[in-house]
Structures are given as structure tokens and as C-alpha cells.
Undergrad: 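Sharing a structure below in C-alpha cells format, with a few things to ask.
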Amino acid sequence: MSSVSRELAHLSDEALVALAARSEHSALAELYDRYGRPAYGLALRVVRDESLAEDAVQEAFLTVWRTAARFVPEKGKASTWILTLVHRRAVDVVRREQRRRADSLEQAPEPGGGGADEEAWLRLQRERVQAALKQLPDQQREALELAYYGGFTQSELAERLGQPIGTIKSRMFTGLTRLRELLGDAALETAWTPTT
Amino acid sequence: MDTHDLTAAYALHALDAEEREAYEEHLAQCARCRDELAQLQESAAALAWAVEAPAPPAPLRARILAEATAGRENVVPLPLRARRGWQAAAAVAACTAVGLGIWAATLHNSLGTARAHESALQIAADPASHTVAVQGGHGMVAVARNGVGVLVVDRLPVAPDGKTYEAWVIPRGGKPVRAGTFEGGDGMTMVELQMPVPPGATVAATVERDGGVDAPTTKPFLSAET
């Protein structure tokens with residue numbers, strides 16, 4: 001097993017998903033070791049409760065496990081797929097738990113200053129994306145943040161911001177497109193890289 | 001409803017259930033939206049990296065892996081008539097063994113491997129179980145409401161020749177009580193403890209001579225305070 005673990009460390013995320021589809025538990029373990037931490041950070045940001053965040057991460061990784069055979073590498077990166085599943089679970093949870101959400105955004109911590117034990121590559125990714133977000137026009141950034149971290153629907157956003165829904169749609173679309181340009185393809189390479 | 005322009009909101013999970021369903025129906029027939037969605041999803045996922053990422057609680061990893069094993073979703077389902085009594089337990093174990101692939105579980109329990117395997121997995125995977133991370137290795141101790149405990153250790157090397165691992169339950173303020181021996185080995189080791197774990201007890205493991213001993217003779221290499 002230990003030799004297998006070392007071999008897996010050199011596999012791409014997509015190869016690991018293919019192995020998971022063949023019931024290799026060690027591949028699921030390796031995917032968790034790569035993305036469990038950002039997944040938990042994301043879920044915690046959205047649901048604002050450690051135990052609910054754990055549930056969302058657990059459900060998402062079990063969905064990865066159960067549906068790995070349906071993952072199509074040509075359509076996108078495995079890391080995107082995993083984080084998309086985590087986000088969807090977290091949003092579902094936060095909508096179920098309305099009471100938690102009501103005051104969540106005002107309490108959102110300012111980005112920056114991760115824990116001292118945060119891995120260097122995670123910190124690097126965080127700084128890159130935060131820098132790109134800062135360059136977006138305020139209204140676009142606001143729409144993205146409220147939708148993605150707050151779990152609000154576009155209709156809720158329209159009401160909250162007092163804007164027509166078409167304006168909200170357009171801010172989200174332009175914001176995501178612009179974010180992609182700002183990050184550039186290279187910076188979107190958020191895939192795990194070995195640190196040792 | 002014009003569904004084309006819902007792509008960004010869908011990528012951000014900002015549609016309500018009804019809109020989401022309508023968009024997914026549309027997506028099945030619109031190649032342009034599928035392409036656009038793939039791009040916008042990459043952007044949206046980038047937002048995940050902008051948040052602080054504290055380390056998740058250690059038992060989460062073991063719980064996910066235990067449940068992946070217990071669920072056996074990637075394994076051909078058993079015929080229904082096999083699901084009875086000990087046959088069911090044996091079939092589950094056989095099935096799990098297939099599902100485990102290279103990730104074999106090591107088990108020692110007087111009830112018999114098959115049954116022990118199943119109940120250990122259930123306890124480890126049950127969210128109602130109390131779980132704590134072990135110190136000294138990757139793993140956790142899960143204790144069911146009835147006090148039955150499971151020690152799960154990932155990547156524990158095989159016990160040296162002539163030696164065995166022995167688990168102990170140490171009640172608060174009490175002496176260590178034997179709770180079973182195990183050998184470690186490939187992948188994940190899962191040990192159903194043969195002594196109930198009272199609240200606040202410590203679960204520990206030591207290296208002992210083959211066959212085990214009545215009281216630990218070495219310092220525990222793993223421990224977890226429940």
C-alpha cells in the first residue's frame with residue numbers, strides 16, 4: 001500500500017478519478033488529501049458551521065466516489081468538478097438552514113491572513129484569486145460574492161440589491177468572464193502540485 | 001423563459017430549484033451552453049480558492065473513506081436472496097473485499113471477520129458515532145452510542161515479525177484493558193474493540209509479542225481520548 005500511495009502521488013487528478021471509478025479507495029483518499037482542505041474551507045465559508053461544513057464535504061466526496069465513472073475529463077478539470085460538487089452541497093445546506101444565512105454576510109471575515117499552518121500553495125492560490133477579485137468592478141464582485149459565498153439565488157440578489165434580474169444576470173456573467181481573463185489560463189491551474 | 005442567459009447563475013448555483021431544472025433540460029440540448037458552462041464553472045471554482053482554508057477535522061477523512069467502503073456503490077449489487085443472516089454478512093464481506101481492491105482492511109474479532117467488518121464499517125461511517133482523531137498516526141476512534149468502539153488507522157505498516165499490535169481501552173483513572181490484537185498492513189486497518197469504551201476513556205495501541213499480553217509492556221504509539 002505504501003508503494004501504491006507513492007505512485008498515486010504522481011498521478012493526475014483525472015487519472016485518480018478514473019481509478020476511483022474502478023473502486024480504488026486509495027484514489028479517493030488521494031483526492032481527499034489534495035482537495036479536502038480547500039473543499040472544507042469553501043464549505044465552511046458558505047455554511048458557517050463546522051459540523052454542517054463537514055457534512056457538505058462528506059456528501060460531495062461520496063458523490064465523487066459514486067459518480068466517478070460519469071466524469072468526462074474533456075469537459076473540465078477534476079478539481080473544478082470536485083469543488084463544484086462541494087459548493088452545490090454547501091449551497092443546498094445553507095438554503096435549508098435559512099436562519100444561519102440571515103446574518104452571515106455581515107460577519108464574513110475579510111479575506112487574507114490564513115492560519116499559520118496553511119500550505120504555501122494554498123496561500124498562493126488564495127492571493128492570486130483575491131487579487132483578481134479586487135480588480136473587478138465593485139458591482140460585479142458583489143454579485144459574485146453574494147451568489148457564491150452567500151448562497152443567494154439570482155431572484156434574492158435582485159431583491160436585496162434593488163436591481164432588475166436582468167442586471168444581476170449580466171453582472172454575474174460579466175464578472176465570471178472577466179475573472180477568467182484576469183486569472184489567465186495559467187493562473188487557473190489550481191491543480192494540486194507536490195510540495196515534497 | 002430564455003434559458004441561455006442562466007448559464008452564469010447556474011455555474012454559481014444561484015438558481016432556485018425550478019430554474020435549475022429548466023436550465024438542465026435546456027443544457028441537454030444546447031451545445032453552446034454546455035461549452036459556455038464549462039468555462040464559467042472553471043471561473044466559479046476559482047472563487048473556492050479565495051477563502052481561507054483551515055485544516056478539516058482529522059476524522060472527516062476516515063469517515064469519508066469508511067462510508068465509501070460501506071456503501072459499496074461501485075460494486076455489482078448482491079442478489080437479494082443472498083442477504084440473509086451469516087450469508088449476508090459473508091456476502092457483504094466478499095463484496096467489500098472486491099470493492100476494496102488494493103485497499104484491504106485488516107480485522108480481528110471474535111465474532112468472525114465478516115460480521116466484524118460490517119459492524120465496524122457501520123460504526124465508523126455512522127454520523128451518530130462519537131469520533132476523535134488518534135494521536136501518533138492517521139486515523140480515528142469511533143464509538144457508537146452503545147459503547148462499541150472501532151479503531152481505524154490508515155497506512156499502518158505490518159507488525160514486525162514475532163510481534164502484534166494490541167488495542168487497549170483505558171477507562172478514566174483506570175488500568176488498560178485488552179481490546180484485541182491486529183496486524184496492520186496495506187491500506188486501512190479497522191479494529192472493532194472487544195471492550196466497550198466508556199465515556200472519557202482513552203483508546204491506545206501498543207506493539208506486543210505475538211498473541212498479545214494482559215498488560216501493555218511498551219509505550220502506546222497510538223492513542224485517542226474519547
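Atoms considered below: every heavy atom in the structure, side chains included; atoms not considered: hydrogens, waters and symmetry mates.
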Undergrad: Which pair of non-hydrogen atoms, one from B:A68 and one from A:L62, has the smallest distance, and what is that distance?
TA: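 Smallest heavy-atom distance, with atoms named: N-CD2, 3.6 Å.
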Undergrad: Between B:E36 and chain A, with a heavy-atom cut-off of 4.5 Å, which part of the residue counts as in contact: side chain, backbone, both or neither?
TA: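 Side chain only.
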Undergrad: Walk me through whether A:F173 and B:D5 qualify under side chain to side chain contact (heavy atoms under 4.5 Å, CB included).
TA: CA-CA 8 Å; A:F173 177 81; B:D5 65 356; over 6 Å; no
Undergrad: For A:R178 and B:S43: C-alpha separation, side-chain torsions, deciding distance, then whether side chain to side chain contact (heavy atoms under 4.5 Å, CB included) applies.
TA: CA-CA 9 Å; A:R178 180 90 185 102; B:S43 284; over 6 Å; no
Undergrad: Could you have a look at B:A38, B:A14, B:A17, B:A44 and say which one has the most heavy-atom pairs with chain A under 4.5 angstrom?
TA: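 Going by pairs under 4.5 Å, I would pick B:A14.
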Undergrad: Minimum heavy-atom separation for B:P56 to A:G36, with atom names?
TA: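 It is CG-O, 3.9 Å.
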Undergrad: Which distance, rounded to the nearest 0.5 Å, do you find between the OG of A:S79 and the CD of B:E42?
TA: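 Interatomic distance, A:S79 OG to B:E42 CD, rounded to 0.5 Å: 6.5 Å.
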Undergrad: Look at the side chain of B:W49 and the backbone N and O of A:Q125, then say whether any donor-acceptor pair between them is shorter than 3.5 Å.
TA: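 No; judged by distance alone, with no hydrogens or angles, the pair does not exist.
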Undergrad: Quick check: closest heavy atoms across B:L15 and A:R95, and the distance to 0.1 Å?
TA: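 Looking at all heavy atoms of both residues, the shortest contact is O-NH1, 3.1 Å.
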Undergrad: Count the heavy atoms belonging to other residues, nucleotides or ligands that lie under 6.0 Å from CD of A:Q139, then report whether that count exceeds 12.
TA: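 No.
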Undergrad: Show, in sequence, the C-alpha distance, side-chain angles and deciding distance for B:I64 and A:Y32, and conclude whether the side chain to side chain contact (heavy atoms under 4.5 Å, CB included) test is met.
TA: CA-CA 9 Å; B:I64 288 170; A:Y32 180 83; 3.7 Å; yes
Undergrad: Are any of the side-chain nitrogens in A:D33 or B:R61 under 4.0 Å away from the carboxylate oxygens of its partner?
TA: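 Looking at A:D33 and B:R61, the cut-off is met.
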Undergrad: If you measure from the Lys or Arg side-chain nitrogens to the Asp or Glu carboxylate oxygens, is any gap between B:E52 and A:R126 under 4.0 Å?
TA: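 Answer for the salt bridge query: no.
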Undergrad: If you count heavy-atom pairs under 4.5 Å with chain A, which of B:A48, B:P157, B:A45 comes out on top?
TA: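 Ranked by heavy-atom pairs under 4.5 Å with chain A, first place is B:A48.
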Undergrad: Looking at CG of B:D16 and CZ of A:F152, how far apart are the two atoms once the value is rounded to the nearest 0.5 Å?
TA: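 The CZ atom of A:F152 is 14.5 Å from CG of B:D16, to the nearest 0.5 Å.
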Undergrad: Report the C-alpha separation of A:L83 and B:L47 in whole Å, then their side-chain angles, then the decisive distance to 0.1 Å, and conclude whether the side chain to side chain contact (heavy atoms under 4.5 Å, CB included) test is met.
TA: CA-CA 10 Å; A:L83 292 170; B:L47 292 168; over 6 Å; no
Undergrad: Using a 4.5 angstrom heavy-atom cutoff, name the option from A:L179, A:L176, A:L42 with the most pairs to chain B.
TA: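 It is A:L176.
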Undergrad: Heavy atoms only: give me the nearest A:V129-B:A50 pair and the separation to one decimal.
TA: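 Taking every non-hydrogen atom into account, CG1-CB, 3.7 Å.
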Undergrad: Locate the shortest heavy-atom distance separating B:A46 from A:L183; write the atom from each residue and the value.
TA: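 Minimum heavy-atom contact is CB-CD1, 3.6 Å.
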Undergrad: Run the numbers on A:T84 and B:Q41 for side chain to side chain donor-acceptor pair (under 3.5 Å), then give the verdict.
TA: CA-CA 8 Å; A:T84 301; B:Q41 272 179 336; 4.9 Å; no
Undergrad: At a 4.5 Å cut-off on heavy atoms, which part of A:L157 comes close to chain B: side chain, backbone, both, or neither?
TA: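 Contact with chain B: none, neither part.
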Undergrad: Any heavy-atom pair between the side chains of B:R34 and A:K75 that's under 4.5 Å?
TA: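 They are not in side-chain contact.
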Undergrad: Does B:A53 offer a backbone N or O that forms a donor-acceptor pair with the side chain of A:R37 under 3.5 Å?
TA: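 Answer holds: yes.
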Undergrad: Count the heavy-atom pairs under 4.5 Å between each of A:D92, A:I168, A:D55 and chain B, then report the option with the highest count.
TA: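 Highest number of heavy-atom pairs under 4.5 Å: A:D92.
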Undergrad: Name the member of A:E127, A:R88, A:M172 that forms the most heavy-atom pairs with chain B at distances under 4.5 Å.
TA: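 Maximum pair count with chain B is reached by A:R88.
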Undergrad: Tell me, for A:V57 versus chain B, whether the close heavy atoms (under 4.5 Å) come from the side chain, the backbone, both or neither.
TA: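 Both backbone and side chain.
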Undergrad: Which atom pair, heavy atoms only, marks the closest approach of B:A9 to A:Q154?
TA: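 So the minimum-distance heavy-atom pair works out to CB-OE1, 3.5 Å.
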Undergrad: Could you check whether the rings of B:H13 and A:H87 sit parallel, tilted or perpendicular, using 30° and 60° as the cut-offs?
TA: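 It falls in the parallel class, under 30°.
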